[in-house]
Amino acid sequence: MSTAQRLLLEGASDAVGFVGGALAGYGVGLLLGMDIFSEGYGAASIAGIALVGIGGGLGLHLARRWRAARSARKE
C-alpha cells in the first residue's frame, strides 16, 4: 500500500470512528434525557455534551485498534 493510500485510510477511519462514536454518545444522551441542544447550560445538557465527547474518543480509539489489527494481519 502506498503512503498516500495509507494516510487516506488512516484519516478516513479516524473520522468515521470519531463521528460514529460522537453520534452514539449523542443517542445515548437523548435516551437518558440529556439534550445537548436544550436552552441554557443545565446539568443535563453538560452531561450530554460529555457523553458526546466520550463517545467520540471511544470511537476514535476503536478505529485505531481496528487499523492496528488490520495491519498486524497483513504482516
Side-chain angles (χ1 to χ4, degrees):
M1 180 180 299
S2 71
T3 303
Q5 289 174 331
R6 186 179 51 79
L7 290 174
L8 181 62
L9 176 67
E10 182 178 339
S13 65
D14 280 355
V16 168
F18 179 79
V19 171
L23 287 173
Y26 176 68
V28 169
L30 282 180
L31 287 174
L32 297 174
M34 301 175 196
D35 186 10
I36 64 172
F37 297 113
S38 64
E39 195 167 324
Y41 285 108
S45 179
I46 292 173
I49 292 169
L51 280 175
V52 169
I54 291 168
L58 287 174
L60 180 62
H61 181 71
L62 287 174
R64 289 183 176 174
R65 287 188 64 160
W66 170 79
R67 211 171 45 244
R70 186 173 179 264
S71 68
R73 275 188 273 142
K74 285 189 173 186
E75 292 177 2

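With sequence neighbours excluded, the residues satisfying side chain to side chain contact (heavy atoms under 4.5 Å, CB included) with I49 are I36, Y41, S45. With sequence neighbours excluded, the residues forming a side chain to side chain contact (heavy atoms under 4.5 Å, CB included) with L7 are T3, E10, listed by chain and number. Shown here are the side chain to side chain contact (heavy atoms under 4.5 Å, CB included) partners of I54, two or more places apart in sequence or in another chain: L58. Legend: residues meeting side-chain hydrogen bond (donor to acceptor under 3.5 Å, both in side chains) with R67, ordered by chain and number and at least two apart, are S13, D14. Take E39 and apply the side chain to side chain contact (heavy atoms under 4.5 Å, CB included) test, not counting sequence neighbours, and it matches no residue.
Using a 4.5 Å cut-off between side-chain heavy atoms of Ile, Leu, Val, Met, Phe, Trp and Tyr, with links allowed through other members, V52 and L30 fall into the same hydrophobic cluster.
Taking Ile, Leu, Val, Met, Phe, Trp and Tyr as hydrophobic and joining them when side-chain heavy atoms fall under 4.5 Å apart, one finds L31 isolated, its cluster having no other members. Side-chain heavy-atom separations under 4.5 angstrom define the hydrophobic clusters, and the remaining members of the one that includes L32 are V28, M34, L51.
Sequence neighbours left out, not one pair with a member in residues 19-38 passes salt bridge (charged side-chain N to carboxylate O under 4.0 Å, His left out).
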